[in-house]
Engineer: 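Attaching a single structure in C-alpha cells format; questions to follow.
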Amino acid sequence: MKKWFSIVSLLTVLVLFLAACSDESSSEGEGNSEESNGDQVTLKIASWSFGTEGEKNLNRMMLDAFMEENPNIKVEIDESIADPWEESLASAASAGEMPDVFSLTNVPTAVANDWTLDITEYVEADEEYQKLPESVRTAITYNESVYSVPSSQHIMGYFVNKDLYNQANLDAPYFGMSLEEFETAASDVTNVNQGVVGLNEANAIPEWYPAAASKDLGWYTFNDGFSLDSKEFINGIKLANDMNTNGYAYATLTEDQKANFNGKDVTEAWFNNGIGMMWGGTWALSGYEQNADFDWDFIGIPGDRPVITHDFYGISSSTEHPEAAYKLAKWMGFGKDGFMKRIEITDQEDELGLSSVPLINDQEVLDAYFERVDVAGVEKAYENIENAVVEPFKTTPGYGQARWEAPTGVEVGDQANAPIGALIDASVSGKINIENYASQINELANKKYEEAKEALK
C-alpha cells in the first residue's frame with residue numbers, strides 16, 4: 001500500500017513539474033512562439049518610407065536595430081511593392097507573395113480584400129496598445145476586430161508667424177483660439193499690397209470647421225456617419241468662401257496680387273514672412289526648425305480638440321509568423337521601445353529628424369520627445385490628445401466616395417454629373433449655394449459609408 005502511494009505521489013509530482021515547466025515556457029514565449037523555441041524567422045516588410053538602398057534613412061536604421069534586438073528574426077525589405085500601392089498589393093495577394101508587414105493606404109480596403117490579419121488577440125493582450133488615444137483605437141476597430149497597427153502619428157492644423165502679428169500690433173493666434181478669433185486673425189493681418197495675407201489657403205476649412213464648432217461632430221462632420229446638412233458644415237463652407245472672396249487666402253489671389261509677395265510660390269511666401277497662418281501638420285516641424293528665421297508656433301484648429309492623422313501597417317493574413325510580424329510592426333510603429341530607439345538614433349545622426357509625434361501616451365516617451373521638440377503648441381495639443389479628432393481618410397469605410405468621388409447628378413461647370421468633391425469646391429468658390437444641395441450630398445455620403453461598412457462583414 002505504501003509502495004503504491006509512493007508511486008502515485010511520484011507520478012503526481014512529475015505531472016505537476018511538467019505542467020509548471022509548460023506554463024513557464026508558455027508565459028516566457030507569450031506573443032512570440034518563434035522566439036521561445038529559438039527558430040530563425042525571416043520576415044518581409046514593404047513601405048514607401050524606406051527610401052533607396054544606400055541612402056541614410058531612419059526607418060532602414062530602425063530595421064537594423066530591430067534585428068540587433070531580435071537576432072533570430074531577419075527582416076528583408078520587399079522592393080516589389082511600389083506605386084500604385086494598392087494595385088501592387090493586389091497583385092502580390094493574387095500571386096500568394098504578400099510581404100509579412102506592409103504599409104496601408106486605406107485600412108478598410110485591405111480588410112475587405114482579406115489582405116490583413118485579425119490581430120485582436122495581440123492588441124488586447126498589449127498594455128501599450130491601450131495607451132493609444134481611444135479615438136484611434138475606435139477608428140481602427142471594425143466589427144469588434146482590429147486589422148492594423150498605427151505606424152506614425154501627426155497633429156494637423158495651422159502654424160503661425162508670430163512676428164507678423166507683433167509687427168502689426170495684433171494679438172497672435174494661439175492654440176485654443178475661438179472661431180471668431182481665427183477669422184479676425186486671418187483678416188486683420190492681411191495687407192495684400194504689402195505682400196502679407198492671413199492664410200495660405202482656405203480649402204481645409206470645411207473639413208475641420210465642424211469639429212471646431214461642435215463637440216458632437218468630427219472631421220468633415222464624421223461621427224459614425226455624416227452630417228453634411230448641418231449648420232456647422234454649411235457655415236464652414238461659407239467661411240472658406242469669405243476667406244477666398246475677401247482676399248485673405250494666398251491660393252486664390254490673382255497673379256498680379258501674388259507679385260506683391262516675396263517668393264515665387266506659397267512656400268517661399270511663408271518663409272519670407274508673407275503669410276500669417278500656414279495649414280499643415282507636425283510632419284513639417286523639422287523643416288520649420290531648420291528654415292524659418294521668424295518666431296513661429298503650432299496652433300492647430302480653433303478650440304481645444306487636436307486633429308490627428310496616421311499611417312498604418314497591416315500584417316498579412318497569410319503570414320507564417322504572426323507573432324514576430326506583430327512585434328516588428330509595433331517596433332516600427334506605436335511601441336515604446338521602438339520610439340525610444342528612434343530618439344536615440346536621431347540624437348546620433350544630425351541629418352535625421354523625428355518624423356512622427358509619439359503615438360502612445362507614455363510619460364517617459366513624451367518627456368524624451370518634448371526635450372528635443374520644443375514647440376509649445378504641439379505640447380498643448382498633446383495635453384488634449386484624448387479628445388482628438390481622427391482625420392478619417394485611411395480608416396473610414398467609403399470615405400473616398402463620401403468626400404470626393406461619388407457622382408451627385410448635379411451639373412457643375414463642364415461636369416454634367418459632378419462628384420461630391422467638385423460640388424464642394426464649387427461651393428467654396430461661390431459658384432453654387434451649398435444649402436441647395438446639402439441634404440442630397442448628405443444622403444449620398446451616408447449611403448456610400450453604409451455600403452462600404454457592409455462590405456467588411
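Atom set for the values below is all heavy atoms of this structure, side chains included, hydrogens, waters and symmetry mates excluded. What you are looking at is a predicted structure, and each value in this text was computed from that prediction instead of being measured.
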Engineer: Keeping the roles fixed (side chain from S317, backbone from D114), state whether a donor-acceptor pair exists under 3.5 Å.
Structural biologist: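 Indeed, once roles are kept as given, a pair shorter than 3.5 Å links the two residues.
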
Engineer: Which of these, Y437, Y209, Y220, sits in a ring pair (Phe, Tyr, Trp, His ring centres under 6.0 Å) with F233?
Structural biologist: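 Filter result, single survivor: Y220.
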
Engineer: For a quick check under 3.5 Å, do E450 and N446 share a side-chain donor-acceptor pair by atom type?
Structural biologist: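 No pair is found: no donor N or O on one side chain lies under 3.5 Å from an acceptor on the other.
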
Engineer: Tell me if a side-chain donor or acceptor on W85 pairs with a main-chain N or O of S103 at a distance below 3.5 Å.
Structural biologist: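 Looks like yes, one N/O pair under 3.5 Å.
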
Engineer: May I ask you to decide if R137's main-chain N or O and T141's side chain share a donor-acceptor pair within less than 3.5 Å?
Structural biologist: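 Yes: the side chain of T141 pairs with the backbone of R137.
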
Engineer: Within a reach of under 6.0 Å around CD of E127, are more than 12 heavy atoms found that belong to other residues, nucleotides or ligands?
Structural biologist: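 Counting neighbours around CD of E127, 12 or fewer heavy atoms of other residues, nucleotides or ligands fall under 6.0 Å, so no.
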
Engineer: Are R403 and E207 close enough for a salt bridge, meaning some N to O gap below 4.0 Å?
Structural biologist: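 Looking at E207 together with R403, the answer is yes, because their closest N to O distance falls below 4.0 Å.
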
Engineer: What's the separation between atom CG in L352 and atom CG in N59, rounded to the nearest 0.5 Å?
Structural biologist: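 Reported value, rounded in 0.5 Å steps: 10.0 Å.
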
Engineer: Using atom types as modelled and distance alone, determine if a side-chain donor or acceptor of D100 lies under 3.5 Å from a backbone N or O of K44.
Structural biologist: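 Yes, D100 side chain to K44 backbone: donor-acceptor pair under 3.5 Å.
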
Engineer: Please check if the side chain of E134 supplies one atom and the backbone of N387 the other of a donor-acceptor pair under 3.5 Å.
Structural biologist: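 No, E134 side chain to N387 backbone: no donor-acceptor pair under 3.5 Å.
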
Engineer: Out of curiosity, M98 CE to S80 OG, how far, rounded to the nearest 0.5 Å?
Structural biologist: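 These two atoms lie 10.0 Å from each other.
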
Engineer: Are F339 and F334, when compared by the centres of their aromatic rings, separated by less than 6.0 Å?
Structural biologist: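 When the ring centroids of F339 and F334 are compared, they turn out to be at least 6.0 Å apart.
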
Engineer: Distance-only, no hydrogens or angles: does the R342 side chain make a donor-acceptor pair with backbone N or O of M332 under 3.5 Å?
Structural biologist: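 Judged by distance alone, yes, a pair lies under 3.5 Å.
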
Engineer: F66 pairs by side-chain contact (heavy atoms from CB on, under 4.5 Å) with which of L328, I45, D337?
Structural biologist: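 Going through L328, I45, D337 one by one, the side-chain contact (heavy atoms from CB on, under 4.5 Å) with F66 is satisfied by L328 alone.
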
Engineer: Under 3.5 Å, side chain of T346 to main-chain N/O of I343, donor-acceptor pair present?
Structural biologist: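 Looks like yes, one N/O pair under 3.5 Å.
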
Engineer: Which label fits Y142 and Y147: parallel for a plane angle under 30°, tilted from 30 to 60°, or perpendicular past 60°?
Structural biologist: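 Plane angle between 30° and 60°, so tilted.
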
Engineer: Excluding sequence neighbours, so at least two apart, what forms salt bridge (charged side-chain N to carboxylate O under 4.0 Å, His left out) with E344?
Structural biologist: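 E344 satisfies salt bridge (charged side-chain N to carboxylate O under 4.0 Å, His left out) with K341 only.
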
Engineer: So does K215 have more than 12 non-hydrogen atoms from other groups sitting under 6.0 Å from NZ?
Structural biologist: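 Buried by this count: over 12 neighbours within 6.0 Å.
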
Engineer: Using every non-hydrogen atom in the two residues, find where A251 and E201 come nearest and quote the distance to one decimal.
Structural biologist: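 Smallest interatomic distance, heavy atoms only, reads CB-CB, 3.8 Å.
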
Engineer: Test side chain to side chain contact (heavy atoms under 4.5 Å, CB included) on K131 and K336 and set out the steps.
Structural biologist: CA-CA 10 Å; K131 292 184 178 182; K336 177 177 180 177; 5.8 Å; no

Engineer: Is it the case that the side chain of S151 and the backbone of F312 share a donor-acceptor pair, with hydrogens and angles ignored and the cut-off at 3.5 Å?
Structural biologist: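 Confirmed, S151 side chain pairs with F312 backbone.
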
Engineer: Taking the side chain from T408 and the backbone from A418, do they hold a donor-acceptor pair closer than 3.5 Å?
Structural biologist: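 Side chain of T408 to backbone of A418: a pair is present.
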
Engineer: With sequence neighbours excluded, what pairs up with E454 under the salt bridge (charged side-chain N to carboxylate O under 4.0 Å, His left out) test?
Structural biologist: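 E454 satisfies salt bridge (charged side-chain N to carboxylate O under 4.0 Å, His left out) with K457 only.
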
Engineer: Calculate, to the nearest 0.5 Å, the distance between atoms CG and CH2 belonging to N272 and W270 respectively.
Structural biologist: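 Answer for the CG-CH2 pair, N272 versus W270, is 11.5 Å.
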
Engineer: For D126, which residues count as a salt bridge (charged side-chain N to carboxylate O under 4.0 Å, His left out) partner, sequence neighbours excluded?
Structural biologist: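 D126 satisfies salt bridge (charged side-chain N to carboxylate O under 4.0 Å, His left out) with K330 once adjacent residues are dropped.
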
Engineer: Could you check whether atom CD of Q415 has more than 12 heavy atoms from other residues, nucleotides or ligands sitting under 6.0 Å from it?
Structural biologist: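 Result for CD/Q415: enclosed.
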
Engineer: Is it the case that more than 12 heavy atoms not belonging to K453 sit under 6.0 Å from its NZ atom?
Structural biologist: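 Check passes, neighbour count above 12.
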
Engineer: Do the rings of Y122 and Y326 sit parallel, tilted or perpendicular, given the 30° and 60° boundaries?
Structural biologist: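 Plane angle under 30°, so parallel.
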
Engineer: Keeping the roles fixed (side chain from N113, backbone from W115), state whether a donor-acceptor pair exists under 3.5 Å.
Structural biologist: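 Side chain of N113 to backbone of W115, a donor-acceptor pair under 3.5 Å: no, none is there.
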
Engineer: Could you check V307, I301, T309 and say which one makes a side-chain contact (heavy atoms from CB on, under 4.5 Å) with W219?
Structural biologist: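 Going through the options one by one, the only one that passes is V307.
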
Engineer: Are the side chains of F159 and L285 in contact, using a 4.5 Å heavy-atom criterion?
Structural biologist: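 Yes - at least one pair of side-chain heavy atoms lies under 4.5 Å apart.
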
Engineer: If I take atom CG from residue L89 and atom OG1 from residue T109, how far apart are they, to the nearest 0.5 angstrom?
Structural biologist: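 Reported to 0.5 Å precision, the distance equals 10.5 Å.
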
Engineer: How close do L228 and A438 get, counting heavy atoms only, and between which atoms?
Structural biologist: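 Looking at all heavy atoms of both residues, the closest pair is O-CB, 3.6 Å.
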
Engineer: Rounded to the nearest 0.5 Å, what's the gap from CD on E144 to CD on E124? Could you check?
Structural biologist: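 Going from the CD atom of E144 to the CD atom of E124 covers 9.5 Å.
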
Engineer: Measure up the F294 and F271 rings against each other and bin them: parallel (under 30°), tilted (30 to 60°), perpendicular (over 60°).
Structural biologist: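 Geometry flag for F271 against F294: tilted rings.
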
Engineer: Are more than 12 heavy atoms from other residues, nucleotides or ligands located less than 6.0 Å from atom CG of D374?
Structural biologist: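 No, the 6.0 Å shell around CG holds no more than 12 heavy atoms from other groups.
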
Engineer: Can you give me the closest heavy-atom contact between I73 and Q40, atom names plus distance?
Structural biologist: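 Smallest heavy-atom distance, with atoms named: N-NE2, 3.9 Å.
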
Engineer: Would D118 and T120 count as a side chain to side chain donor-acceptor pair (under 3.5 Å) here? Give the steps.
Structural biologist: CA-CA 6 Å; D118 182 346; T120 308; 2.4 Å; yes

Engineer: Could you label the plane-to-plane angle of the F182 and Y158 rings as parallel, tilted or perpendicular, counting under 30° as parallel and over 60° as perpendicular?
Structural biologist: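 Aromatic pair F182/Y158 classed tilted.
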
Engineer: Check the surroundings of atom CD in E351: do more than 12 heavy atoms from other residues, nucleotides or ligands lie under 6.0 Å from it?
Structural biologist: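 It does: E351 CD has more than 12 such atoms within range.
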
Engineer: Hey, what do you get for CE (M277) to CD1 (I299), rounding to the nearest 0.5 Å?
Structural biologist: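 Rounded to the nearest 0.5 Å, the CE-CD1 separation comes out at 5.5 Å.
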
Engineer: List the steps, then state whether ring-ring contact (aromatic ring centres under 6.0 Å, His included) holds for F222 with Y399.
Structural biologist: CA-CA 9 Å; F222 183 77; Y399 185 82; 7.3 Å; no

Engineer: Before giving the answer on ring-ring contact (aromatic ring centres under 6.0 Å, His included), spell out for W404 and F393 the whole-Å C-alpha distance, their side-chain angles and the decisive distance to 0.1 Å.
Structural biologist: CA-CA 11 Å; W404 294 288; F393 170 64; 5.7 Å; yes

Engineer: For the CD atom on E268, are there more than 12 heavy atoms of other groups (residues, nucleotides or ligands in this structure) within a distance under 6.0 Å?
Structural biologist: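 Count over threshold, so yes.
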
Engineer: State, without any angle test, whether Y174 and D297 hold a side-chain donor-acceptor pair at a distance under 3.5 Å.
Structural biologist: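 No pair is found: no donor N or O on one side chain lies under 3.5 Å from an acceptor on the other.
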
Engineer: Considering non-hydrogen atoms only, spot the tightest contact between I308 and S135 and give its length.
Structural biologist: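 Nearest pair, atom of I308 first, then S135: CD1-OG, 4.2 Å.
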
